[in-house]
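Following: one structure in structure tokens, then a few remarks.
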Amino acid sequence: MPAADAPPTTLTPYLTQAHHHLWSLAEEFTARHVTPRVARMEAAPHRAERTLPRLMAKRGWFGVTLPTEYGGLAAGHVARTVLIHRLSLASAAAGTILQAHLIPAGALLHWGTTEQKTRWLRQVAEGVVLMTIAVTEPEAGGHIGGIETTAEPADGGWRITGEKAHIGNSHLAHLHVVVARTAPPHTRTPASQALTAFLVEADRKGVTTSPPRTRLGLHGFTAGRLRLDRVHIPAANILGTIGEGMDVAQSSSILYGRPNLTAVSLGLHEALISGTTAWLANRPRYGAHLADLPVVRDRLGTMQARLQHARVITYHAVHLLDRGLPCDSDLIAAKHTSHQLAADTARDAMELHGAHALDTHHDLPRLWRDIQHTYAPAGTGEVQRIHLAKTALNTGTVQWSARLAQTLARTRPSPDPAPA
């Protein structure tokens, strides 16, 4: 794994002194706590890593984007990208544990009532309460309009029945944001008004989580199924208002899910380049090394160009978010492009390693497996391109970065516009 390093100069326009300090803290944390645990996590792919979340919580990182009034760091969205990026360089599973929590935490901040935020956000910021967002379903997948989980009025509240799938941190979470259908199917209510988000405590009667299962990659991070069997929820646990469930899900995905996964892709991309260059520079061939061959350098140069492109689009998008500028399409494009660039580099890295890439004791197969996990969540490539086509056609899609500007302002860092 690459040694700790300072941010590249290409990121200077986006990083303040506070960001540089956070970068150094993340480097120290990964060297001390994350890298030594990677082999253990790989050896037990079905097991949820529990120590790293506790250590992150002690540093306040689960509240990196939450206001100080709720115990958060109010460090902003570039800061959360720094943390996820540097954690993912050592272990994408570690970065994903953090990013998966920040999505529903943002949903609670933006859509919660004063009472809900007072009750939960301080515990969320401290990492005492970890959260999930439960939207995806076994049959509907990520098609929000196809959600089959239902919530029916009962006993002054609601009863929720259904099943959710691919729920990040499902085996660690204490609080779930569950999106369910509240409009009966026969009413033909459009999906934009038929869904509602609920805060569902993990210990409520009728809530069960499936046992952890081995996944292709991200070993140590679990994304399991959540079953809800007539779970009674008080009316006070509605997040937003009745019929706003799609808005809660989509805004959280665009403002948090997409940039978070962009940062995971960037960390993996950097690890792929670092590991491949080190291997090529030390692999003897024809009296020199593989890195000395022009045909290899041609391929390596393409990989490096992709990485430099990915860095800029990743940090540029969240920099706009921190500045309070409309940037939904930038966040969407960054997620799409950063994954694609990293996936292309992963393929090149595998080919440059030849048969050695197939040895599971090397880091490379782990990195290749992990990058597959940044494609589907928060929307596949097709979903991203459809959104971007709407931007090109100027069809007037909602700009969540503008619509939620007031609450986003409370998550921005203290004024320090001068780059480090």
Side-chain angles (χ1 to χ4, degrees), residues 77 81 96 99-100 103-104 106-107 110-111 133-149 164-168 177 179 181 183 188-195 197 223 240 243-266 269 306 309-310 312-314 316-318 320-321 325-344 371-405 408:
H77 300 282
T81 296
T96 306
Q99 76 84 19
I103 301 170
H110 296 307
W111 297 93
I133 186 162
V135 178
T136 305
E137 296 188 354
E139 298 302 322
H143 173 43
I144 299 177
I147 283 177
E148 297 178 349
T149 296
K164 299 294 183 177
H166 310 297
I167 308 306
V177 175
V179 177
R181 186 171 295 278
R188 297 186 179 180
T189 305
S192 59
Q193 302 169 27
L195 307 173
E244 285 187 326
M246 180 171 281
D247 288 348
V248 172
Q250 289 187 335
S251 62
S252 302
S253 177
I254 290 174
L255 300 179
Y256 292 88
R258 286 169 170 87
N260 289 358
L261 289 163
T262 304
V264 174
S265 292
L266 181 60
H269 201 160
R306 292 189 197 118
H309 183 193
V312 172
I313 62 174
T314 298
H316 174 73
V318 286
L320 294 176
L321 193 58
L325 299 172
C327 57
D328 288 30
S329 63
D330 298 275
L331 298 168
I332 291 167
K335 192 268 184 180
H336 171 268
T337 305
S338 185
H339 164 80
Q340 192 59 59
L341 293 174
D344 289 345
I371 198 62
Q372 312 310 315
H373 288 258
T374 65
Y375 177 74
T380 63
E382 290 80 5
V383 170
Q384 314 305 328
R385 291 190 289 273
I386 289 170
H387 276 291
L388 293 170
K390 292 177 181 178
T391 300
L393 293 167
N394 194 26
T395 54
T397 56
V398 175
Q399 280 278 325
W400 289 110
S401 49
R403 182 170 167 179
L404 298 177
L408 281 169

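Numbers for residues simply follow the sequence, beginning at 1. In what follows, every heavy atom counts, from backbone to side chain, and hydrogens, waters and symmetry copies are set aside.
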Would you find a donor on one side and an acceptor on the other, under 3.5 Å apart, between the side chain of [X] and the backbone of [Y]?
X    : Y    : answer
S252 : A249 : no
K164 : I133 : no
Q384 : G379 : yes
T262 : S338 : no
R181 : A191 : no

Measure the shortest side-chain to side-chain distance between [X] and [Y] over non-hydrogen atoms and say whether it is less than 4.5 angstrom.
X    : Y    : answer
T149 : V179 : no
H387 : D328 : no
H77  : T81  : no

Please list, chain by chain and in numerical order, all residues satisfying side-chain hydrogen bond (donor to acceptor under 3.5 Å, both in side chains) with [X], sequence neighbours excluded.
X    : answer
H110 : Y256, T407
T96  : none
R403 : none
H269 : T345

Partner residues of [X] under the side-chain contact (heavy atoms from CB on, under 4.5 Å) criterion, sequence neighbours left out:
X    : result
A140 : E137
S253 : R258, A378
T391 : S329
H309 : I313, T337, L341

Might you point out which heavy atoms bring [X] and [Y] nearest each other, and give the distance in Å?
X    : Y    : result
I103 : G257 : CD1-CA, 3.6 Å
I371 : H339 : O-CE1, 3.3 Å
T374 : P377 : C-CD, 4.2 Å
A334 : A317 : CB-CB, 4.2 Å

Quiz item: Parallel under 30°, tilted from 30 to 60°, perpendicular over 60°: which one fits the rings of W400 and W111?
Solution: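 Perpendicular, since the angle between the ring planes exceeds 60°.
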
Exercise. State which residues pass salt bridge (charged side-chain N to carboxylate O under 4.0 Å, His left out) with R306; sequence neighbours excluded, sorted by chain then number.
Key: D348

Practice problem: Please list all pairs passing the salt bridge (charged side-chain N to carboxylate O under 4.0 Å, His left out) test where one or both residues lie in residues 374-383, with sequence neighbours left out. | Solution: E382-R385

Find the distance between [atom1] ([X]) and [atom2] ([Y]) and round it off to the nearest 0.5 Å.
X    : Y    : atom1 : atom2 : result
L261 : T314 : CG    : OG1   : 11.0 Å
L321 : H316 : CG    : NE2   : 11.5 Å
L195 : T189 : CG    : OG1   : 10.0 Å

Quiz prompt | Residue among L255, V398, I254 satisfying side chain to side chain contact (heavy atoms under 4.5 Å, CB included) with L404 | solution =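 Passing option: L255.
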
